[in-house]
Undergrad: 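Pasting in a structure now, in C-alpha cells, and then I'll have a few things to ask.
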Amino acid sequence: VIAPLRGRDVLMTLIGTLGAIGVVLLFFATYRTIRSAVQAMVLVAIGLVAGLGATLALFETVHVLVFVFAAMLVGIVSDYAVHTLASGPATDWAGAHERIDLVGRPITVSMATAVIGFGSLALFGVPLFQQVALLSGVGIVTAWAFVLWVLIPMDKRPKNAGALRAWWIKLEAMRERVKIPAAVAWASAALLAAVSIYGAVKLRYLDDVRAFQPRPADLVAEEEQVR
C-alpha cells in the first residue's frame, strides 16, 4: 500500500514528471530519433517498476520519501541508456556483441558501485532506508540487465543511419573544440577545494527524523503552554 499523496507529495511528483520530460527532450535532441527517447523512458520505467514491486513484496507500505531518493534512479538509469545508445552511431551500429564489449564493463562497474552505495543504507536498520536500498538496488540491477540483454540487441541500424551518424560526428567535433585553459582548471579546482573545506568545517548532522516532517504551529504552541 502506498500512502495517499498530499500537497508536498504532489509537488514532488510534478518535479519528477518535469525531470522525465527533460530526459526525453535531451535524448531526442542528441540522438534525433523518437525511438531513443522512448527506449530511455522504458528503461527508467522498468527499473522503477521492478524496484517498487520488490519493495512492496517485503514491506506493507512504502514511505513517500522513498520516491524522493528513488528519483535519482532516473539519472543513473538514463546514464546507462546514454552509453548504450551512443555506441550505435559511434560504431556505425556494429553488432550486438561488439557493442556489449564496448559498454558492458563500464556499465557493470557503474551498476556495482551504485548498488553497493544504496545497499549500505540497509545497514542502518531503519525501514525507510531499507526501502530505499531495496527499491534502488533492484531497479538498478534490472535496468543494467535490460540494457545488456534487451536494449542493445533491440537497437538496430536505422534507415537514416547515415544522417544520424553525421549528426553524431558533428556533436563530437563540437565537443573536441571546447578547450579549458589550464589556469581555469586549476582555479576551479582550488575553489572547489576551498568550498569543500569550508563545508566540512561547518558540517552539522540532522539525526532527528521528526525534523523531516515539521509539526503544525498551533500544536507546538499548545505544547509550550503545557510546559
Side-chain angles (χ1 to χ4, degrees), residues 19-20 22-55 69-123 132-158 161-162 164-180 185 189 192:
V23 170
V24 170
L25 294 177
L26 178 61
F27 270 78
F28 181 75
T30 303
Y31 299 104
R32 292 291 184 93
T33 62
I34 297 178
R35 183 181 70 176
S36 63
V38 173
Q39 288 172 329
M41 294 314 301
V42 168
L43 181 62
V44 171
I46 287 176
L48 289 175
V49 169
L52 180 59
T55 307
F69 288 96
M72 292 184 289
L73 285 179
V74 176
I76 296 173
V77 173
S78 296
D79 190 50
Y80 296 170
V82 168
H83 287 81
T84 303
L85 296 178
S87 68
T91 62
D92 199 14
W93 285 272
H97 290 292
E98 183 177 342
R99 292 174 64 181
I100 290 175
D101 290 339
L102 181 64
V103 303
R105 181 175 297 178
I107 288 178
T108 300
V109 172
S110 174
M111 178 274 296
T113 55
V115 170
I116 291 173
F118 281 110
S120 63
L121 294 176
L123 300 178
V132 171
L134 181 60
L135 188 147
S136 301
V138 172
I140 290 172
V141 171
T142 302
W144 166 81
F146 185 85
V147 162
L148 294 182
W149 290 300
V150 179
L151 183 57
I152 291 180
M154 183 176 63
D155 189 37
K156 303 294 185 181
R157 180 182 177 88
L164 295 177
R165 178 167 169 77
W167 169 250
W168 184 260
I169 293 175
K170 182 179 180 180
L171 291 178
E172 284 289 300
M174 293 170 57
R175 180 186 61 82
E176 292 178 357
R177 285 197 295 267
V178 176
K179 304 295 183 181
I180 300 178
L192 289 174

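Since the structure is predicted, the reported quantities are computational estimates derived from the model, not experimental observations.
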Undergrad: For Val103 and Ser87, which heavy atoms make the closest approach, and how far apart are they?
TA: CG1-CB, 4.0 Å

Undergrad: Picking from Leu85, Val77, Leu48, Val38, what satisfies side-chain contact (heavy atoms from CB on, under 4.5 Å) with Leu43?
TA: Val77

Undergrad: Quick one, Met111 and Val115 - any side-chain contact, counting heavy atoms below 4.5 Å?
TA: yes

Undergrad: Please check if the side chain of Trp167 supplies one atom and the backbone of Thr30 the other of a donor-acceptor pair under 3.5 Å.
TA: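 Yes.
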
Undergrad: Between the side chain of Ser110 and the main-chain N/O of Pro106, is any donor-acceptor distance below 3.5 Å?
TA: no

Undergrad: Please report the shortest heavy-atom distance between Ala90 and Arg165, naming the atom on each side.
TA: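 Distance-wise, the nearest heavy atoms are O-NH1, 3.4 Å.
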
Undergrad: With side chains defined as the heavy atoms from C-beta onward, is the minimum distance between Pro158 and Arg35 less than 4.5 Å?
TA: yes

Undergrad: Crowded around Leu123 CG? As in, over 12 foreign heavy atoms under 6.0 Å?
TA: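 Yes, because the 6.0 Å sphere around CG of Leu123 holds more than 12 heavy atoms from other groups.
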
Undergrad: Calculate, to the nearest 0.5 Å, the distance between atoms NE2 and CG belonging to His83 and Asp79 respectively.
TA: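 Here the interatomic distance stands at 5.0 Å.
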
Undergrad: Kindly say whether Ala40 contributes a backbone atom to a donor-acceptor pair with the side chain of Tyr80 at under 3.5 angstrom?
TA: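 Not at all, since once roles are kept as given, no pair shorter than 3.5 Å links the two residues.
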
Undergrad: Quick check: closest heavy atoms across Val138 and Ala50, and the distance to 0.1 Å?
TA: CG1-O, 3.6 Å

Undergrad: Taking the six-membered ring for Trp, are Tyr31 and Trp168 parallel (under 30°), tilted (30 to 60°) or perpendicular (over 60°)?
TA: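 Parallel: the ring planes of Tyr31 and Trp168 meet at under 30°.
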
Undergrad: In Å, rounded to the nearest 0.5 Å, how long is the span from CG of Asp155 to CD of Gln39?
TA: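 These two atoms lie 5.0 Å from each other.
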
Undergrad: Donor-acceptor check, side chain of Arg99 to backbone of Thr84, threshold 3.5 angstrom: yes or no?
TA: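 Checking the backbone N and O of Thr84 against the side chain of Arg99, a donor-acceptor pair under 3.5 Å is found.
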
Undergrad: Is any side-chain heavy atom of Thr113 closer than 4.5 Å to one of Phe118?
TA: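 A side-chain contact under 4.5 Å is absent here.
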
Undergrad: When you measure from the side chain of Arg105 to the backbone of Ile100, do you find a donor-acceptor pair of N or O atoms at a distance under 3.5 Å?
TA: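 Answer holds: no.
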
Undergrad: Would a 4.5 Å heavy-atom cut-off, applied to side chains only, mark Thr33 and Phe28 as touching?
TA: no

Undergrad: Hey, could you give me the CH2/OG1 distance between Trp144 and Thr108, rounded to the nearest 0.5 Å?
TA: 5.0 Å

Undergrad: How close do Ala133 and Leu121 get, counting heavy atoms only, and between which atoms?
TA: CB-CB, 4.3 Å

Undergrad: Within the 4.5 Å heavy-atom criterion, are Leu73 and Val44 side-chain neighbours or not?
TA: no

Undergrad: Looking only at non-hydrogen atoms, find the nearest pair between Leu148 and Gly104 and report the distance.
TA: CD2-CA, 4.0 Å

Undergrad: Mark yes when over 12 heavy atoms from residues, nucleotides or ligands other than Ile34 sit less than 6.0 Å from its CD1; otherwise mark no.
TA: no

Undergrad: Thr91 and Ala94: which non-hydrogen atoms are nearest, and at how many Å?
TA: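 What the structure gives for the nearest pair is OG1-N, 3.3 Å.
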
Undergrad: Please check this pair: side chain of Arg32 against backbone of Leu164, looking for a donor-acceptor N/O pair closer than 3.5 Å.
TA: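 Here the side-chain-to-backbone pair does not exist.
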
Undergrad: What distance do Leu151 atom CG and Met154 atom CE have between them, rounded to the nearest 0.5 Å?
TA: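 If we round to the nearest 0.5 Å, Leu151:CG and Met154:CE are 5.0 Å apart.
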
